[in-house]
Amino acid sequence: MTSTGRFTLPSEENFAEKTKELAELWGADAIRNSDGTHLDESVLALGKKIYSAYFPTRAHNEWITLHMDETPQVYLLTGRVLAEADIVDVPLMDGFFEEQLKPNRDADPHKYWEVVDRTTNEVVDASLWTLDEDTDTVHVSGATPMHEYTVSFLAYIIWDPVEMYNHLTNGWGDKEHEIPFDIYHPATRKFVFDTFEQWLKDNPQVDVVRFTTFFYQFTLLFDQKQREKVVDWFGCACTVSPAALDDFEKEYGYRLRPEDFVDGGAYNSAWRVPRKAQRDWIDFLSGFVRTNVKKLADMSHEAGKEAMMFLGDQWIGTEPYKDGFEDLGLDAVVGSIGDGTTTRMIADIPGVKYTEGRFLPYFFPDTFYEGNDPSIEGLDNWRKARRAILRSPIARMGYGGYLSLAAKFPKFVDTVTHIADEFRDIHDRTGGVAAEGELNVAILNCWGKMRSWMAYTVAHALPNKQTYSYYGILESLSGMRVNVRFISFDDVLEHGVADDIDVIINGGPVDTAFSGGSVWAEEPRLAATLRAWVHGGGALIGVGQPSAQQFQGRFFQLADVLGVDEERYQTLSVDKYFPAVTPEHFITADVHLGEGVLQGFLDAGYRKPLSGCGGGQAIGELGGIDFGEPIANTFPVNEDVTLLRADGGQVQLAVNEYGKGRGVYVSGLPYSAANARLLERALFWASHNEDKYTAYSSTNPECEVAVFPDAGQYCVINNTDRPQSTDVALPDGSVEHFDLDQSAIAWRNL
């Protein structure tokens, strides 16, 4: 029987009867208009709660076309041009999409732009270059031959990036491009608030204003072939204007350079170790954004409506994990559910009454086309989200896009019916309370709490080749029986390690915000504080290149804790001796090995260490674990380290006793059920909590257990699209067997 509630249904014009049918089938208690559409009167009359998408800074070309100097702006970095003589021409728009971006020729280029000799990192004096506005080319004189030159220039954003993506994806053809606008300008700001005030009066039927989103788009730039060129879901590049730069200088006492935004072409990616200018701009921007978000929320409340923020599109500056977010007065946050990590990113946001997830697939023609089966993606998305929802529940769910597309796929309709019922059943059984966590785990990086569940991300739920071995840490933790928090290096330096933290994880490539970069050399107290904490009984897990910075003859500054360092071609003349691998350990107890592999490995043993400067090398690989992209040339710092995997003459997995505490090193951890199990076991082992591990554990890593003491129940979930069997150990020593259909969930009383 279909249950009802906690479900938001998208709808559109001329689709009332089918909307009513699907609302009943999926148990929807709320309906929202799809992007660019309106709800029919007959849909409004269904008696459901009405959401309306609202775009504060787009969809009013009648205003912005008269004020084109008040569109949002971005600093762009040209390609590098080689000077072959003492004069060099740098074209501005090569590689950029001219329908999206247009150079700002209104503000004085010599005040707001910058020409840089990239060979020397010197700023070229403004008297030595001119702008040819007819060709959008900068002419540089006095150049040094064989040096490379770039121009950092302000550009107007003349096509809203999200509307542009929707336009291109759906083939909207001649539909007018929606031009965004920047409320930093007083006239446009007044227009935005006046327009919203009138909209509230004109839409009494709306119960929830779904702000999609507010003022500044994350960095999303396209090239001349309409392909994504720069994508940073946390990027603040598209937030700049001459007026804001001038005000920043007055408030902070120094002037930002264009380089503070283009960052040599990195555009201040969240992977970069944040610099003072970047942090100050985030503070400046979020102060402005939050003040105006609060006004919109207050206006919504005065009109008797809820204010909901979509965590996406123009969300930059809201900073939901930065202190003070609760003061904005927002009622709810809704966000796109891509996986467990993005589910937690939404569910853990403090200071709102409820959170909502927009599940995938999005009802767009790139998924809903003849011959495709969208239900496959729908169930995969649900399985990824469900394990996280059990640990941190969102209050509501829904979908986005065009309902008329989804309605053409009966199997998908049935799949959503099942998902919605199961979602509500979880809430009914647990009262919306999170499953019990047995350990407190802290992720340590430069950003700390402000980027909770946002670490290791490039685009929303889309890690790439260089990041997936780290993103897997978060995805594993998102549905694990632990409590997770995010702390910064500054937190540790200022306050030490909190008493209730059981395990700290530090991981990432060298010179990134996640491993730490130069902080390890600049702040010796950081390593000393963490050493003292582990030595006294704490637990540290390092992934990839943790605490990495070449300093004082070490690369991993906590190599003594982890038991592993990395050869950076500085100490090749120093021998490295590998102890024999210990293939069977608490951490690797659930690692599947092919028949005969372990015995063959034990029989083969290890070669003697190579003469000269070499390390130990295995005769054969033990394998069994996916460590992702390899970290080359890792080695044990002494022969007391316990190596669990060291294939190919380098360490992939090791454990180390350190005083009363323990360290664990893992070279990489892409997400999989097996790797989630490996990490879970590492957390329990490192924190000396092996005795707590067995109760409510599953013998099959593809199945996980969540315990709800207050509700007096526990559940077992099958995270795959295949039937699975597992045994669950209970605290009294008994074992319960489960045979689970694909994607199934089973409940039992405690």
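Side-chain atoms are counted along with the backbone in the values below, which use heavy atoms only and exclude waters and symmetry mates.
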*Asks:* Apply salt bridge (charged side-chain N to carboxylate O under 4.0 Å, His left out) to D323 and K449, showing your working.
*Replies:* CA-CA 9 Å; D323 289 344; K449 185 177 73 171; 2.5 Å; yes
*Asks:* Which pairs with one or both residues in residues 642-675 pass ring pair (Phe, Tyr, Trp, His ring centres under 6.0 Å), sequence neighbours excluded?
*Replies:*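 The answer is H535-Y658, F556-Y665.
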*Asks:* May I ask you to decide if the ring planes of Y399 and F7 are parallel, tilted or perpendicular, using 30° and 60° as cut-offs?
*Replies:*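 Judged by the thresholds at 30° and 60°, the geometry between Y399 and F7 is tilted.
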*Asks:* Go through the side-chain N and O atoms of S476 and E680 and say whether any donor and acceptor fall under 3.5 Å apart.
*Replies:*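 Not at all, the side chains of S476 and E680 share no donor-acceptor pair under 3.5 Å.
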*Asks:* What is the minimum heavy-atom distance between R396 and A30, and which atoms define it?
*Replies:*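 Smallest interatomic distance, heavy atoms only, reads NH2-CB, 3.4 Å.
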*Asks:* Within the supplied structure, the quantity of interest is the number of heavy atoms (other residues, nucleotides, ligands) at a distance under 6.0 Å from D499 CG; does it exceed 12?
*Replies:*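 Counting other residues, nucleotides and ligands, CG of D499 stays at 12 neighbours or fewer.
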*Asks:* Look at the aromatic rings of F359 and W382 and report parallel, tilted or perpendicular, splitting at 30° and 60°.
*Replies:*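 The arrangement is tilted - the two ring planes meet at 30° to 60°.
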*Asks:* Taking the basic N atoms (NZ, or NE/NH1/NH2) and the acidic carboxylate oxygens, is any pair closer than 4.0 Å for D428 and R424?
*Replies:*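 No salt bridge links D428 with R424.
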*Asks:* Any donor-acceptor pair under 3.5 Å linking the side-chain atoms of S478 with those of R344?
*Replies:*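 Distance-only check fails for R344 and S478.
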*Asks:* Checking side-chain polar atoms at under 3.5 Å, does E736 have a donor or acceptor matched by the opposite partner on Y714?
*Replies:*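 Y714 and E736 do have a side-chain donor-acceptor pair below 3.5 Å.
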*Asks:* Side-chain donor-acceptor pair under 3.5 Å between D727 and T699, yes or no?
*Replies:*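 Their side chains do not contain a donor-acceptor pair, so the 3.5 Å distance test is not met.
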*Asks:* Roughly how far apart are L644 CG and T642 OG1, rounded to 0.5 Å?
*Replies:*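 Spacing of CG (L644) from OG1 (T642) equals 7.0 Å.
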*Asks:* Whether the T726 and S698 side chains hold a donor-acceptor pair (N or O, under 3.5 Å, no angle test) is what I'd like checked.
*Replies:*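 Looking only at side-chain atoms, S698 and T726 do form a donor-acceptor pair, the distance falling under 3.5 Å.
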*Asks:* Step through the shown structure and confirm whether more than 12 heavy atoms of other residues, nucleotides or ligands are within 6.0 Å of NE2 on H737.
*Replies:*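 Count over threshold, so yes.
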*Asks:* For F486 and W453, what are the C-alpha separation, side-chain angles and deciding distance, and is it a ring pair (Phe, Tyr, Trp, His ring centres under 6.0 Å)?
*Replies:* CA-CA 8 Å; F486 294 76; W453 297 105; 5.4 Å; yes
*Asks:* Could you label the plane-to-plane angle of the F708 and W747 rings as parallel, tilted or perpendicular, counting under 30° as parallel and over 60° as perpendicular?
*Replies:*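 If you compare the ring of F708 with that of W747, the planes turn out tilted.
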*Asks:* For E356, is there an ion pair with R6 - N to carboxylate O distance below 4.0 angstrom?
*Replies:*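 Between E356 and R6 there is no salt bridge, as every charged N stays at least 4.0 Å from the carboxylate O atoms.
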*Asks:* Is the closest side-chain donor-acceptor distance between N719 and E704 under 3.5 Å?
*Replies:*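 Judged by distance alone, the side chains do pair up.
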*Asks:* Classify the angle between the aromatic ring planes of H585 and W685 as parallel (below 30°), tilted (30 to 60°) or perpendicular (above 60°).
*Replies:*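 Judged by the thresholds at 30° and 60°, the geometry between H585 and W685 is perpendicular.
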*Asks:* Taking atom types as modelled, find out whether S515 and Q545 have a side-chain donor-acceptor pair closer than 3.5 angstrom.
*Replies:*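 Side-chain D/A pair, S515 to Q545: absent.
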*Asks:* Have E629 and Q466 got a donor and an acceptor in their side chains that come within less than 3.5 Å?
*Replies:*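 The criterion, which ignores hydrogens and geometry beyond distance, is not satisfied for Q466 and E629.
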*Asks:* Would you check if there is a donor-acceptor pair between the side chains of N718 and T720 at a distance under 3.5 Å?
*Replies:*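 Side-chain D/A pair, T720 to N718: present.
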*Asks:* Could you list the residues that satisfy side-chain hydrogen bond (donor to acceptor under 3.5 Å, both in side chains) with T342, not counting sequence neighbours?
*Replies:*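 In terms of side-chain hydrogen bond (donor to acceptor under 3.5 Å, both in side chains), with neighbours along the sequence ignored, T342 is linked to D339.
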*Asks:* Pairing donors with acceptors under 3.5 angstrom, does anything connect the side chains of S488 and D490?
*Replies:*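 Side-chain D/A pair, S488 to D490: absent.
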*Asks:* What class does the angle between the rings of F514 and Y456 fall in, given that below 30° is parallel, 30 to 60° is tilted and above 60° is perpendicular?
*Replies:*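 Tilted.
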